[in-house]
Amino acid sequence: MEKILKAIQISEHVYWVGAIDWGIRDFHGYATSRGSTYNAFLVRGEKTVLIDVVKRPFKEELLSRIRSILPPDQIDYIISNHSEPDHSGCLDEIIDIVKPEKVFASPVGVRTLQKHFHWAQEVIPVKTGEKLDLGNLTLSFMETRMLHWPDSMFTYLEEDKVLFSQDAFGMHLATGERFIDECPPEVVHEEAEKYFANILLLYAPRVSDLILGVAESGLEFEFIAPDHGPIWRKDLDTPIRWYTEWAAQKPQLKAVIVYDTMWQATENMALTISEALIEEGINVRVMPLKGSHRTDIVRELLTAGAILVGSPTLNNNIFPSVADVMTYVKGLKPVNMIGAAFGSYGWSGEAVKQVVEYLTAFEVKVVDTLKVQYQPSTVDLEKCTELGRNMAAQLKAHVAEF
Ligand code: FEO
């Protein structure tokens with residue numbers, strides 16, 4: 001049975017024709033607790049353009065929303081701003097249906113799409129500063145390498161002042177509302193921060209450069225239309241300010257304690273350390289790995305000044321759940337943190353050393369470590385308190401340097 005879904009008008013010439021994925025809870029390892037959307041946009045000028053498509057299983061939703069405006073074969077051009085399959089997954093099938101005159105992507109995007117589809121389709125490369133004339137409207141392009149992939153680019157509609165920003169300024173948030181200002185502000189902030197931390201953190205220096213470049217371009221914006229989540233149309237200074245702050249990763253008086261435990265010994269250490277930090281006035285997030293997802297841990301680290309990691313030793317190794325988080329964090333490379341490693345062991349005790357190796361690999365300055373054999377004694381717990389106090393003092397000195 002054919003879906004009957006509606007496009008939603010965003011500006012005078014732009015319609016949202018994307019898909020809402022209410023059910024997704026794992027986006028390549030990212031916990032999408034509130035679902036997501038895959039946004040696509042129709043720009044209707046004398047020529048009609050489709051900007052991005054959707055994940056392959058949502059093709060019919062996209063087509064249905066397009067049909068509410070015009071028959072798909074009346075689309076003249078397709079622009080692929082980003083080749084990741086959540087935005088290009090059904091591009092080959094949509095091209096077969098639409099039969100557009102031309103398809104455009106960045107030069108890297110042309111090569112990336114070829115590697116995805118292994119097709120004979122001609123895709124025209126467009127570089128930063130190039131324009132596409134739609135008769136009464138003009139689109140311009142800006143390559144944004146590594147935001148989020150090497151192929152990524154922005155498209156800008158000059159007449160309506162809409163920036164189509166693909167992954168940037170987006171969030172994984174499934175809603176019936178299409179605009180940010182219709183959503184609860186605390187949800188918007190949480191999901192935007194989580195998205196930045198988990199998708200863009202590795203490329204934070206490029207985010208800073210991009211924001212500077214956009215500011216210097218002199219372009220005016222009335223809408224920022226990302227490929228995930230609702231669309232920004234008011235107070236556009238807010239996402240720019242948030243991205244500027246997050247990209248800077250200025251450490252705060254905040255410590256994140258991540259740990260797992262086998263027989264509550266490492267947990268006992270973690271909780272004792274946390275009490276000492278709290279007593280010293282540090283904002284503490286205790287994140288036991290039986291219940292804390294790596295996605296939320298990275299979000300907390302974005303605004304932290306210290307990371308403390310506790311791992312028992314299991315079979316001469318770091319505990320598997322701790323290794324999972326360390327591997328994930330190492331890939332995203334948060335900066336400007338000090339750290340500590342601690343844990344209980346029975347007879348070999350390699351885990352603390354391995355945690356230190358992970359922390360050092362993403363340039364955390366490790367300032368303290370503590371190993372305890374089997375269950376912590378009263379003396380051991382006093383050492384945990386000392387470690388917490390030491391971390392608090394070191395964190396205050398560290399934050400003062402920025
Ligand atoms: Fe939403 Fe990098 O794709």
Side-chain angles (χ1 to χ4, degrees), residues 16-41 50-59 61-62 78-92 94 104-117 123 141-155 163-175 178 180 188 191-207 210 224-232 239 242-243 246-247 294-295 298-299 328 331-333:
W16 175 83
V17 289
I20 306 174
D21 191 348
W22 296 98
I24 188 170
R25 290 294 178 269
D26 185 311
F27 188 98
H28 60 45
Y30 178 139
T32 46
S33 56
R34 292 187 172 102
S36 193
T37 69
Y38 315 114
N39 298 338
F41 301 95
L50 174 63
I51 298 182
D52 285 326
V53 296
V54 297
K55 246 182 177 176
R56 193 179 286 273
F58 293 85
K59 179 192 71 174
E61 184 166 341
L62 169 72
I78 296 178
I79 295 168
S80 174
N81 271 341
H82 183 19
S83 305
E84 192 163 8
D86 46 332
H87 311 300
S88 73
C90 62
L91 183 59
D92 54 345
I94 294 297
F104 301 92
S106 72
V108 182
V110 172
R111 298 197 295 274
T112 308
L113 290 170
Q114 175 61 32
K115 293 288 184 188
H116 276 293
F117 293 109
V123 181
F141 303 104
M142 181 191 301
E143 293 163 83
T144 58
R145 283 179 71 93
M146 304 318 298
L147 299 176
H148 164 226
W149 277 11
D151 56 81
S152 294
M153 70 175 186
F154 288 177
T155 298
L163 181 69
F164 300 97
S165 61
Q166 38 95 27
D167 279 343
F169 305 111
M171 63 194 73
H172 286 308
L173 177 60
T175 59
R178 293 280 57 82
I180 291 280
V188 167
E191 294 300 339
E193 187 175 56
K194 194 190 297 183
Y195 191 88
F196 184 96
N198 285 273
I199 300 292
L200 299 176
L201 181 59
L202 175 59
Y203 312 113
R206 290 177 184 268
V207 172
L210 173 74
I224 297 177
D227 272 358
H228 295 291
I231 292 147
W232 301 86
W242 286 354
Y243 268 46
W246 295 333
R294 63 177 91 88
T295 311
V298 169
R299 178 192 165 220
Y328 188 69
L332 289 165
K333 289 187 172 52

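In each ligand, atom 1 is the first atom listed, and ligand 1 is the first ligand listed. Small disclaimer: the values here were computed from a predicted structure and weren't measured.
- Counting only protein N, O or S atoms, the number found under 2.8 Å from atom 2 (Fe) of ligand 1 is 4.
- The backbone N or O of Ile24 sits less than 3.5 Å from a side-chain atom of Thr32, completing a donor-acceptor pair.
- Counting only distance, with no hydrogens or angles, the side chain of Tyr203 and the backbone of Arg145 share no donor-acceptor pair below 3.5 Å.
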Go through the steps for Gln166 and His87 under the test side-chain hydrogen bond (donor to acceptor under 3.5 Å, both in side chains), then give the verdict. CA-CA 8 Å; Gln166 38 95 27; His87 311 300; over 6 Å; no

side-chain hydrogen bond (donor to acceptor under 3.5 Å, both in side chains) evaluation trace for His116 with Asp92: CA-CA 10 Å; His116 276 293; Asp92 54 345; over 6 Å; no

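- Residue pairs meeting the salt bridge (charged side-chain N to carboxylate O under 4.0 Å, His left out) criterion with at least one member in residues 18-39, sequence neighbours excluded: Arg34-Glu190, Arg34-Glu191.
- Within the 3.5 Å criterion, the main-chain N or O of Ser106 finds no donor-acceptor partner in the side chain of Glu143.
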